[in-house]
Amino acid sequence: MSVRVRFAPSPTGYLHVGGLRTALYNYLFAKKHGGTFILRIEDTDRTRLVQGALENLVSTLTWSGLPFDEGPGVGGPHGPYIQSERTELYQRLGKELLDNGHAYKCFCTSERLDDMRNYQQRMGQPPRYDKFCEHLSAAEIKEKEDAGLPYVVRMKVPERTIRFHDEIRGLIEIEPSNIDDQVLLKSDGFPTYHLANVIDDHDMEITHVIRGEEWLPSTPKHILLYEYFGWTPPKFAHLPLLLNSDRSKLSKRQGDVAVEDYKAKGYEREALINFVAFLGWNPGSEKEIYSLQELGQEFDLDRVGKSGAIFNVEKLNWFNQQHLKVKPAADILEQIRPVISEHGITASDEFIIKVIELMRDRVNFLPEFVTFALYFYQDPKEYDMEAISKKWNPETLSSLSALNENLKNLENFTHEQIENQLKLTAEMLGVKAGGMVQPLRIAISGVSAGPALYMMMEILGIETCLRRLEKAVNSIKL
RNA sequence: GGCCUGUUCGACUAGGGGUUUAGGUCAUCGCCCUUUCACGGCGGUAACACGGGUUCGAAUCCCGUACAGGCUACCA
């Protein structure tokens with residue numbers, strides 16, 4: 001049987017990086033085994049609907065490079081893939097459970113439930129439904145229904161230990177006393193996660209449920225439902241959580257958690273994916289930089305760890321730098337076009353590509369190809385005075401002035417010739433060549449940090465360099 | 001509180017009875033390269049939570065404790 005896995009988020013409005021990792025592991029598992037990756041939307045909580053959440057989720061997943069084979073928009077043989085469009089199925093199967101005695105109607109009000117839980121807590125007991133409605137007689141049920149009282153459907157939990165095998169954690173055993181008579185169908189007619197999840201995973205022929213560790217404690221309920229329906233359960237793999245630096249569950253309060261935040265900051269999708277893949281998994285080799293495709297060849301569940309991993313932005317930055325290093329300049333150019341136009345820059349693609357190659361090793365984020373390199377596109381408006389005060393000496397200006405004259409005579413404005421000319425000028429003036437380098441850099445770019453000076457000048461061209469040099473000589477004063 | 005899960009350098013992790021003076025990467029520190037900033041190279045600091053067992057031998061197996069996280073909704 002071929003592998004079928006799913007990513008089943010609830011549409012909260014954005015894709016959480018933890019969700020991204022869950023989606024990624026499902027995707028990679030599917031790729032590894034030549035299987036199918038499905039997106040299913042779990043929107044059964046009608047009180048928490050968010051406008052545009054689905055579109056946002058799909059576009060973020062697409063940006064991340066994780067296309068799904070079946071799901072909203074693309075369709076597939078087991079649709080619809082949005083749970084709110086499948087309520088009839090859940091209701092029909094819920095009724096089946098009612099009919100064969102695996103579930104019962106519960107008319108308890110939320111007030112009674114609250115009181116019950118408060119009492120249980122005060123008495124030091126675990127909060128659990130007291131099965132008040134389990135043994136209602138047929139007459140009582142009819143009476144309440146006739147009176148139009150709202151009800152929920154709860155599952156009956158038997159008195160036996162539930163065991164299941166987790167692909168990552170091994171054998172898990174849960175005593176029945178720790179399993180609540182879970183609500184399956186809410187009074188608004190919509191299913192809870194537990195019911196919808198089991199029905200859909202079966203209906204969509206999911207073979208491996210790969211999800212976050214937070215679902216581990218409720219898995220016995222799901223196992224029970226598979227039994228009640230007479231279905232074979234899929235395999236389960238519960239992933240360790242992603243954590244904040246204080247080891248709590250990764251949350252919004254302690255930094256960015258939305259994939260779109262990282263996208264907005266200029267992170268490469270390849271880097272984010274590579275980094276997130278390594279949070280809880282590793283290939284067992286010493287190779288660290290992987291493309292999505294390579295990950296799909298290497299990934300497997302047996303190398304997924306058990307303990308939570310802290311989301312460390314510094315390492316993500318390193319991955320970003322590494323991916324930037326190997327990215328084709330033409331791709332980088334395409335990606336930075338918006339930043340280019342934002343800065344009102346008009347330059348030829350050929351010129352920008354030269355800048356990209358020169359800036360490559362000193363850039364950590366894509367927009368920096370523009371923001372750290374503005375002097376390639378516009379003459380400096382001001383000069384780094386702090387650097388000037390450190391590097392300037394009384395003869396600096398006259399040296400630069402002499403250099404300016406000598407550069408005019410160059411046959412070819414290449415980095416070799418520029419360097420050569422600077423040395424000759426220094427020799428002629430009887431000053432140290434080294435002393436001229438930084439002042440020249442500041443005169444040309446305005447700042448003291450940047451790429452190889454002579455290469456930078458070559459790219460800029462003779463006209464621009466002479467203009468800037470002249471302006472610097474005339475305007476910089478100690 | 002109860003249940004479940006986890007615990008190797010600051011972080012991500014390798015290692016799953018002798019191959020280990022516990023390896024790699026990020027971060028950090030030092031040196032080299034470089035008359036800038038980076039990149040790169042070399043090196044350093046730095047970890048098996050604790051206590052019992054099993055064994056000739058335990059980071060590795062078992063038990064307990066501690067700590068951490070998750071779950072405990074008509075949320076997912």
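Below, read A as the first sequence line, B as the second, and so on, with proteins coming before strands; counting in each chain starts at 1.
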Would you indicate which nucleotide in [options] comes nearest to any side-chain atom of [X]?
X      : options             : result
A/R303 : B/C74, B/G15, B/C4  : B/G15
A/E214 : B/C37, B/G6, B/C71  : B/C71
A/Q438 : B/C39, B/C74, B/U36 : B/U36
A/P217 : B/A76, B/C12, B/C71 : B/C71

Atom-pair distance ([atom1] on [X]; [atom2] on [N]), nearest Å:
X      : N     : atom1 : atom2 : value
A/E288 : B/U25 : CD    : C1'   : 4 Å
A/M123 : B/G2  : CE    : C1'   : 16 Å
A/Q322 : B/A38 : CD    : C1'   : 13 Å
A/F311 : B/G10 : CZ    : C1'   : 18 Å
A/D188 : B/C75 : CG    : P     : 7 Å

Hey, is the side chain of A/R362 pairing donor to acceptor with the base of B/C39 inside 3.5 Å? no

Would you say the side chain of A/S187 and the base of B/C74 hold a donor-acceptor pair, judged only by whether the two atoms sit under 3.5 Å apart? yes

Does [X] place a side-chain N or O at less than 4.0 Å from the phosphate oxygens OP1/OP2 of [N]?
X      : N     : answer
A/K186 : B/A76 : yes
A/K287 : B/U25 : no
A/N282 : B/A14 : yes
A/K325 : B/G40 : yes
A/R128 : B/G2  : no

Looking for any heavy atom pair under 4.0 Å, which part of the strands does [X] touch: base, sugar-phosphate only, or nothing?
X      : result
A/T44  : sugar-phosphate
A/S307 : sugar-phosphate
A/A433 : base
A/G280 : sugar-phosphate
A/I179 : nothing
A/S248 : sugar-phosphate
A/R247 : sugar-phosphate
A/K432 : nothing
A/P150 : nothing
A/V183 : sugar-phosphate
A/Y193 : base
A/R117 : sugar-phosphate

Are A/K287 and A/E298 ion-paired here, with the side-chain N under 4.0 Å from a carboxylate O? no

In terms of ring plane angle, is the pair [X] and [Y] parallel, tilted or perpendicular, where the classes change at 30° and 60°?
X      : Y      : answer
A/Y226 : A/F236 : perpendicular
A/F319 : A/F278 : tilted
A/F299 : A/F29  : perpendicular

Between A/F372 and A/R362, is there a cation-pi geometry (under 6.0 Å to ring centre, at most 45° from the normal)? no

Cation-pi check, A/R21 onto A/Y25 ring (under 6.0 Å, within 45° of axis): yes

Nearest-nucleotide wise, let me know which of A/R441 and A/G284 is further upstream toward the 5' end of RNA chain B. A/G284

Quick one: on RNA chain B, does A/V437 or A/W215 contact a more 5' nucleotide (nearest heavy atom)? A/V437

In the structure shown, which nucleotide is the Watson-Crick or G-U wobble counterpart of B/C26, with both distances under 3.5 Å? B/G10

Under a 3.5 Å limit for both distances, which nucleotide forms a Watson-Crick or G-U wobble pair with B/G2, could you say? B/C71

Euclidean distance for C1', B/A47 against B/C74 (whole angstrom): 48 Å

Pairwise C1' distance for B/G16 and B/C48, with rounding to whole Å: 12 Å

Please find the pair of heavy atoms, one from A/Y129 and one from A/C106, that lie closest to each other, and give the distance. OH-SG, 3.2 Å

